[in-house]
Amino acid sequence: QVQLQESGPGLVKPSETLSLTCTVSGGSISSYYWNWIRQSPGKGLEWIGNIYYSGSTNYSPSLKSRVTISLDTSKNQFSLKLSSVTAADTAVYYCARGLHSSSWYLVGYWGQGTQVTVSS
Amino acid sequence: DIQMTQSPSSLSASVGDRLTITCRASQSISTYLNWYQQKPGKAPNLLIYAASSLQSGVPSRFSGSGSGTDFTLTISSLQPEDFATYYCQQSYSTPPTFGQGTNLEIK
């Protein structure tokens, strides 16, 4: 059974870059779409973007200018960078995997989530 | 973006009740509709995908139906572990979007 675990700073200063890593265990990162999704009381569940094992990416249009998702197959990890953060980026951030290898946006497996707070 | 609207936003029910949650899309999404259950402090858990396919390991008391813009999630006989928040999600177009959630509470 695949397992995902987010890691990274829980506190980020305004205007800085949020960086998170998701470590995948119990399966290879090859194949599947790998997603980042966040959840805040104000905006609910919000899809940020994903990356295919080939390296191709899809981003939410509303965040595209600030988001980079990358893959490190040697470490079985993928990462999120979100630049120029504000308080509105405070949320629980989840990494997640597509249910099937062809699932662009159908998410079948989630990490436990990590709280990120943007504050000085 | 496609807007997903769930009703009701909250609901009180008793163990053994049958209940239905509705999700409406702002445009047709065929059957690219998924349902998730979320308990406090936990990640969402996939229940139903492609409108009516039951995810492996999910009890058969959960079922989904619909196509186009209108969808329903039905729980045939509520169990104590079913009290949670339920979200619909469209996976038809970029960006995939979620409903605002339906909070199911014990009456």
Side-chain angles (χ1 to χ4, degrees), chain A residues 1-6 20 22 24 32-52 56-67 69 82 91-116, chain B residues 1-10 21 23-27 29-58 62 64 71 73 84-103:
Chain A
Q1 178 81 335
V2 65
Q3 294 186 320
L4 301 95
Q5 177 68 58
E6 306 88 352
L20 296 174
C22 183
V24 179
Y32 299 101
Y33 286 87
W34 302 93
N35 297 265
W36 288 99
I37 297 165
R38 67 183 183 180
Q39 184 173 30
S40 62
K43 283 194 165 185
L45 286 161
E46 182 182 18
W47 180 82
I48 299 170
N50 66 15
I51 188 165
Y52 194 45
S56 65
T57 54
N58 299 284
Y59 298 134
S60 174
S62 66
L63 297 169
K64 187 172 185 176
S65 63
R66 299 194 290 131
V67 173
I69 297 175
L82 181 65
V92 175
Y93 284 75
Y94 294 100
C95 60
R97 198 202 82 179
L99 179 63
H100 306 119
S101 58
S102 60
S103 300
W104 279 47
Y105 303 133
L106 166 56
V107 176
Y109 302 91
W110 300 65
Q112 65 184 25
T114 188
Q115 173 70 48
V116 178
Chain B
D1 298 3
I2 296 176
Q3 186 170 356
M4 307 302 294
T5 304
Q6 289 180 233
S7 60
S9 295
S10 62
I21 298 169
C23 179
R24 175 165 288 176
S26 60
Q27 67 184 73
I29 57 171
S30 183
T31 57
Y32 289 85
L33 191 283
N34 315 303
W35 291 98
Y36 298 86
Q37 176 194 66
Q38 187 177 33
K39 296 182 178 178
K42 301 293 188 181
N45 180 51
L46 179 65
L47 299 175
I48 301 283
Y49 63 95
S52 60
S53 295
L54 192 67
Q55 168 63 345
S56 175
V58 174
F62 291 92
F71 302 87
L73 172 70
T85 301
Y86 293 84
Y87 295 93
C88 62
Q89 178 224 8
Q90 66 82 13
S91 50
Y92 179 78
S93 69
T94 308
T97 46
F98 294 85
Q100 82 279 15
T102 295
N103 184 31

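The sequence lines fix the lettering, A, B, ..., with proteins before strands; numbering per chain opens at 1.
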**Student:** Between A:I69 and A:G49, what is the shortest heavy-atom contact and its length?
**Tutor:**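 Heavy atoms only, the tightest pair is CD1-C, 3.4 Å.
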
**Student:** Produce the donor-acceptor pair table for chain B versus chain A, cut-off under 3.5 Å.
**Tutor:**
unit_1 : atom_1 : unit_2 : atom_2 : d
B:Y36  : OH     : A:V107 : N      : 3.2
B:Y36  : OH     : A:V107 : O      : 3.2
B:Q38  : OE1    : A:Q39  : NE2    : 2.9
B:Q38  : NE2    : A:Q39  : OE1    : 2.9
B:Q38  : NE2    : A:Y94  : OH     : 3.2
B:K42  : O      : A:Y94  : OH     : 3.4
B:Y87  : OH     : A:Q39  : NE2    : 3.3
B:Q89  : NE2    : A:Y105 : O      : 2.8
B:T94  : OG1    : A:Y105 : OH     : 2.3

**Student:** If I take atom CG from residue A:L82 and atom CG from residue A:L20, how far apart are they, to the nearest 0.5 angstrom?
**Tutor:**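 One gets 9.0 Å once the value is rounded to the nearest 0.5 Å.
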
**Student:** Looking at every heavy atom in both B:I2 and B:A25, which two are closest together, and how far apart are they?
**Tutor:**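 In terms of heavy atoms, the two residues are closest at CG2-CB, 4.2 Å.
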
**Student:** Considering only heavy atoms, which portion of A:I48 lies under 4.5 Å from any heavy atom of chain B: side chain, backbone, both, or neither?
**Tutor:**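 When you check distances to chain B, no heavy atom of A:I48 falls under 4.5 Å.
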
**Student:** Can you tell which part of A:V107 gets under 4.5 Å to a heavy atom of chain B, answering side chain, backbone, both or neither?
**Tutor:**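 Contact with chain B is through both the backbone and side chain of A:V107.
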
**Student:** Where is the tightest heavy-atom contact between B:I48 and B:G64, given as atom of each residue plus distance?
**Tutor:**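 Looking at all heavy atoms of both residues, the shortest contact is CD1-N, 4.0 Å.
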
